[in-house]
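Lettering of chains follows the sequences in order, A, B, ..., and the numbering in each one begins at 1.
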There are 2 protein chains.
Amino acid sequence: MIGMTVATLPTSRRSASPRRRAPQIIEATAMVFAERGFHGATTQDIADVLGIRQASLYYYFSSKEAALELVCLRGVEGFFETGKAIAARPESAQKRLSLLISSHLSPMLDRGNFVKVFLNERQHLPTESRRRIGRWSRGLERIFEQVIEEGVAAGEFRAGLDARLVTLAVLGMCNAASSWYLKENKGVPAIAAEFSNLVIDGLAIRPAKRRPSRR
Amino acid sequence: MIGMTVATLPTSRRSASPRRRAPQIIEATAMVFAERGFHGATTQDIADVLGIRQASLYYYFSSKEAALELVCLRGVEGFFETGKAIAARPESAQKRLSLLISSHLSPMLDRGNFVKVFLNERQHLPTESRRRIGRWSRGLERIFEQVIEEGVAAGEFRAGLDARLVTLAVLGMCNAASSWYLKENKGVPAIAAEFSNLVIDGLAIRPAKRRPSRR
DNA sequence: AATTCTATCTATCGACCTATAGAATAAGTC
DNA sequence: GACTTATTCTATAGGTCGATAGATAGAATT
């Protein structure tokens with residue numbers, strides 16, 4: 001016990017950090033919201049998962065809606081930034097679209113519940129945070145749309161396609177994965193590869209359709 | 001008066017049919033469920049839309065869950081049958097898949113709310129009816145899957161593709177339309193055409209550089 | 001040892017929501 | 001006009017849920 005100022009380096013915040021269980025609480029919340037939906041889930045359900053009392057949750061969030069906002073934020077965070085970074089790369093539109101699809105799918109692995117809650121329950125956020133989160137969402141749509149348009153302009157993609165509709169198709173396809181990727185036994189890379197192939201090349205076999213005479 | 005057994009044929013049910021407003025009530029229910037979700041909606045909300053008292057709704061359905069079941073049923077009905085009929089046609093897999101996509105999208109027009117509720121809220125049905133409705137759902141998936149596999153077998157579609165994943169992709173893409181088709185200003189035929197093109201041919205331009213390279 | 005901080009608990013309030021019971025009204029029907 | 005059936009109403013029981021207040025136990029700090 002001689003005057004040792006050693007442990008005072010980071011103000012000796014050895015274990016005094018408040019709300020150490022916060023990550024665990026938010027994880028359980030995401031799970032319950034993903035399973036039952038925001039209004040279908042009760043704070044009691046969340047408490048049960050954690051083995052604590054319902055009222056104890058309010059040490060970690062101020063309201064059920066605030067908890068939803070926390071979950072939704074972790075469900076979108078990163079999507080926009082990594083999307084923007086990919087779109088800015090000096091590669092072909094094909095390659096960038098494939099990367100966009102892949103990066104859009106990968107969060108299913110480690111934060112599937114968060115993504116699912118964001119996709120299905122964000123409508124129940126209080127108006128203000130819903131708007132804020134909606135902006136990020138629309139931003140991501142624009143990134144996809146723009147890469148597709150660049151692909152058309154570069155002669156990589158079919159002329160005359162509706163970039164908006166294609167964007168909605170691709171995002172719909174990817175987002176749907178949040179509802180089945182746990183039941184189906186497919187790895188994220190396999191899904192990303194199949195989806196990319198589908199979007200870039202389609203199902204039909206390559207040989208040109210020069211002559212309509214099929215068979 | 002005189003022994004006239006004439007009017008007794010349909011018991012003269014001129015206007016004595018019970019629950020004449022039932023279609024209107026179920027329509028309002030679908031709308032409210034689509035907007036706020038099953039648990040987020042109250043029976044009061046539905047009554048407000050109709051301009052009647054909350055308790056009056058129970059003349060038309062026996063419980064809120066029963067109302068959800070009615071809505072969900074109208075949201076799936078027809079999908080499976082028309083899908084099966086299309087799959088059985090003697091046309092190319094390409095053509096049949098296009099028709100499947102188109103017929104899967106068209107109910108958005110006249111029963112969008114029902115479809116939306118089925119897609120988003122069926123999880124909240126009581127176990128039994130959820131199972132029953134789930135069977136129809138899986139049946140439809142199998143129809144898509146099979147047409148795709150037939151396309152591969154016939155040499156129309158790429159060999160080696162994962163028919164299950166492609167099915168999930170196509171259905172995800174189509175189902176997502178239920179959440180945006182009201183906001184976007186696109187007609188169902190335009191959506192169906194764009195989606196079909198995307199799925200069959202992909203985005204990439206058909207490379208004419210298909211050099212047969214002898215052999 | 002005394003004090004402060006962290007995390008959880010007990011207890012409960014008020015609001016809201018589904019569903020029931022039975023009365024009241026409206027619309028034919030005899 | 002009396003009767004019957006269809007529809008909506010009033011009133012409320014009964015239950016659940018989110019949220020607050022205050023107590024408590026343990027750990028860390030001084």
message: In whole Å, I'd like the distance from the CD1 atom of A/Ile52 to the C1' atom of C/dC9.
response: 10 Å
message: Tell me the interatomic distance from A/Arg53, atom CZ, to D/dT20, atom C1', rounded to whole angstroms.
response: 17 Å
task: Quickly work out the A/Leu57 CG to D/dA19 P distance and round it to whole Å.
output: 11 Å
Whole-Å gap separating P (D/dT8) and CD1 (B/Ile46): 15 Å
query: For B/Arg132, which residues count as a side-chain contact (heavy atoms from CB on, under 4.5 Å) partner, sequence neighbours excluded?
result: B/Glu69, B/Glu128, B/Ser129, B/Arg135
message: Run the side-chain contact (heavy atoms from CB on, under 4.5 Å) test against B/Gln94 and tell me which residues pass, sequence neighbours left out.
response: A/Ala204, B/Ser92, B/Glu156, B/Phe157, B/Ile200
query: B/Gln54 and B/Thr43: side-chain donor and acceptor closer than 3.5 Å?
result: yes
message: Looking at A/Tyr60, I'd like to know whether one of its side-chain N or O atoms comes within less than 4.0 Å of OP1 or OP2 on C/dT8.
response: yes
task: Check whether any side-chain N or O of A/Arg21 sits under 4.0 Å from OP1 or OP2 of C/dT8, and answer yes or no.
output: yes
query: D/dT7 phosphate, OP1 or OP2: any side-chain N/O from B/Ser56 under 4.0 angstrom?
result: no
query: With B/Arg36, which residues qualify under salt bridge (Lys or Arg N to Asp or Glu O under 4.0 Å), at least two apart?
result: B/Asp45
message: Suppose we screen for side-chain contact (heavy atoms from CB on, under 4.5 Å). Which residues come up paired with B/Phe79, at least two apart in sequence or across chains?
response: B/His104, B/Pro107, B/Arg111, B/Val115, B/Leu140
query: Nucleotide by nucleotide, 5' to 3', does protein get under 4.0 Å of the base (B), only the sugar-phosphate (S), or neither (-) in nucleotides 12-24 of chain C, counting heavy atoms?
result: -----SBBB----
query: Atom CG of A/Leu50 to atom P of C/dT8: distance rounded to whole Å?
result: 9 Å
query: Between D/dT8, C/dT6, D/dT7, which nucleotide gets closest to the side-chain atoms of A/Tyr59?
result: C/dT6
- prompt: Partners of B/Glu65 by salt bridge (Lys or Arg N to Asp or Glu O under 4.0 Å), sequence neighbours excluded?
  reply: none
